[in-house]
Amino acid sequence: MVATFSTAIDPKLDLFDEIARLKQEMNAIILAHYYQDPDIQDIADYIGDSLGLARQAATTDAEVIVFAGVHFMAETAKILNPYKQVLLPDLAAGCSLADQCPADQFAAFIARHPGHIVISYINCSAAVKALSDIICTSSNAVSIVEQLPKDQPIIFAPDRNLGKYVSEKTGRNLVLWQGACIVHETFSEKKLIQLKVQYPDAEIIAHPECEPHVLRHADFIGSTTGLLKYTQTSQKRSFIVVTESGILHQMQRARPDKLFIPAPPEANCACNECPYMRLNTLEKLYLCMRDRTPEIMLDPQIAERALQPIERMLAMS
Ligand code: 13P
Ligand code: SF4
């Protein structure tokens with residue numbers, strides 16, 4: 001018999017209290033990415049970038065990991081904790097980068113480039129990780145490439161923009177898989193320049209998933225944690241932030257005295273919000289803890305093969 005769960009929530013419940021109660025009862029930890037809704041960030045035990053979240057998942061004592069982020073992040077937590085329950089509020093919370101790199105096509109691509117080390121950005125499926133030698137995130141990609149011998153040919157996948165940025169920073173010629181993030185490719189160079197004219201003192205800070213014509217205007221480029229830290233230490237008082245707008249919640253919280261301006265997308269839309277990340281809601285977070293589903297399940301053989309490149313990354317970071 002298939003278990004069914006009611007998605008009805010008693011309107012009298014205080015979801016913050018209920019989630020806190022369930023967390024204790026389950027011995028769970030809630031890990032959240034900066035691109036989650038402010039409510040979710042406020043209730044999380046840890047908020048971080050992909051590397052920070054993977055590190056937390058690798059070291060937590062909690063029995064259950066509740067992942068408020070996207071599928072590849074929860075999958076990474078499961079690979080690091082095959083015997084723990086990993087819950088994701090909405091299994092449809094995917095990622096355009098992961099979707100654009102199917103494992104069978106990637107295997108054929110690798111076969112066409114013999115002798116190359118395969119570095120894959122953590123934004124990919126477990127099956128793609130299993131085909132890779134080293135995983136990286138936006139905060140350690142440059143350093144990982146720099147740790148490899150200069151004459152070592154490298155495949156970098158799946159983000160062409162991060163790959164190009166790493167190639168420029170390291171002076172290395174990387175073979176790039178042509179994937180991209182739908183959110184970070186939405187920013188308009190023209191509107192960014194117009195904003196800069198409007199706020200001439202503001203620094204432009206950008207995530208390396210942005211396109212090169214946007215990155216060339218940036219005063220600082222970094223992962224979400226890198227951007228957040230930069231805004232705390234920079235002498236400047238205003239910033240144009242070129243990444244998913246969820247990060248502004250922590251920026252504003254840490255420095256209420258500073259001004260944070262989200263960079264505008266090309267179209268008149270909320271396209272600078274990741275449609276996958278934003279599938280998670282406080283209600284779904286509560287339901288997934290109450291019902292202990294949806295849970296991340298992985299093919300054990302793929303998970304075992306995917307573990308090694310993740311562990312290499314953690315050791316090299
Ligand atoms: P980081 O948090 O590692 O900078 O990555 C951003 C991102 O797009 C996550 O999907
Ligand atoms: Fe993927 Fe882009 Fe969303 Fe990050 S912001 S999860 S890279 S689609």
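Bear in mind the structure is a predicted one, so any value in this text is a computation, not a measurement. In each ligand, atom 1 is the first atom listed, and ligand 1 is the first ligand listed.
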task: Check each atom of ligand 1 against the heavy atoms of Asp49 and keep those under 4.0 Å away; list them by number with element.
output: 1 (P), 2 (O), 3 (O)

- prompt: At under 4.0 Å between heavy atoms, which part of Glu244 makes contact with ligand 2: side chain, backbone, both or neither?
  reply: neither

task: Decide, counting backbone as well as side-chain atoms, whether Cys95 has an N, O or S atom less than 2.8 Å from atom 2 (Fe) of ligand 2.
output: no

field: Pairwise distance CG(Leu307) to CD1(Ile302) - rounded to 0.5 angstrom
entry: 14.0 Å

Protein residue, atom and distance nearest to atom 3 (Fe) of ligand 2, heavy-atom basis: Cys274 SG, 2.4 Å

task: Run through Arg255, Gln41, Gln232 and flag the one making a side-chain hydrogen bond (donor to acceptor under 3.5 Å, both in side chains) with Gln250.
output: Gln41

statement: Near Ser138 (heavy-atom distance under 4.0 Å), the atoms of ligand 1 are 1 (P), 3 (O), 4 (O)

query: Which ligand 2 atoms, with their elements, are less than 4.0 angstrom from a heavy-atom of Glu209?
result: 2 (Fe), 7 (S)

Residues Glu189, Arg216: salt bridge by 4.0 Å N-O rule: yes

query: Under 4.0 Å from ligand 1, counting heavy atoms only, is it the side chain of Tyr34, its backbone, both or neither?
result: neither

query: Does any N or O in the side chain of Lys196 come within less than 3.5 Å of the main-chain N or O of Ile204, such that one atom is a donor and the other an acceptor?
result: no

query: Can you tell me which residue and heavy atom of the protein come closest to atom 8 (O) of ligand 1, and the distance to 0.1 Å?
result: Glu209 OE2, 3.1 Å

- prompt: Of all the atoms in ligand 1, which lie at a distance below 4.0 Å from a heavy atom belonging to Met73?
  reply: 9 (C), 10 (O)

Close N or O approach (His33, ligand 1; < 3.5 Å): yes

- prompt: Under 2.8 Å from atom 3 (Fe) of ligand 2, is there an N/O/S atom belonging to Cys181?
  reply: no

- prompt: Do other residues, nucleotides or ligands put more than 12 heavy atoms under 6.0 Å from Gln308 CD?
  reply: no

task: Decide if atom CD of Glu304 counts as having more than 12 heavy atoms of other residues, nucleotides or ligands within a radius under 6.0 Å.
output: no

query: Between Tyr276 and Ser96, is any side-chain donor less than 3.5 angstrom from a side-chain acceptor?
result: no

query: So is there a nitrogen or oxygen of His184 less than 3.5 Å from a nitrogen or oxygen in ligand 1?
result: no

task: Among all protein heavy atoms, pick the one closest to atom 3 (O) of ligand 1 and tell me residue, atom and distance.
output: Ser50 OG, 2.8 Å

field: Atom indices of ligand 2, in the order listed, that fall short of 4.0 Å to a heavy atom of Leu97
entry: 7 (S)

Interatomic spacing from CG in Asp90 to CG in Leu287 - rounded to 0.5 Å: 11.0 Å

- prompt: Can you tell which part of Phe72 has a heavy atom less than 4.0 Å from ligand 1: side chain, backbone, both or neither?
  reply: side chain

Tyr35 side chain to Thr243 side chain, donor-acceptor N/O pair below 3.5 angstrom: yes

task: Would you tell me whether Ser139 and Thr137 have side-chain atoms, one donor and one acceptor, within less than 3.5 Å of each other?
output: yes

task: Report yes if some heavy atom in the side chain of Leu148 is under 4.5 Å from a heavy atom in the side chain of Arg172; otherwise report no.
output: yes

- line: heavy-atom search around atom 6 (C) of ligand 1 in the protein gives His207 NE2, 3.3 Å

message: I'd like to check which ligand 2 atoms, numbered from 1 as shown, lie under 4.0 Å from a non-hydrogen atom of Asn123.
response: 7 (S)

Heteroatom proximity flag, Thr224 to ligand 1, N/O under 3.5 Å: yes

- request: Run the numbers for me: atoms of ligand 2, each under 4.0 Å from some heavy atom of Tyr276, listed by number.
  value: 8 (S)

query: With only distance considered, is Asn123 within less than 3.5 Å of ligand 1 through an N or O on each side?
result: yes

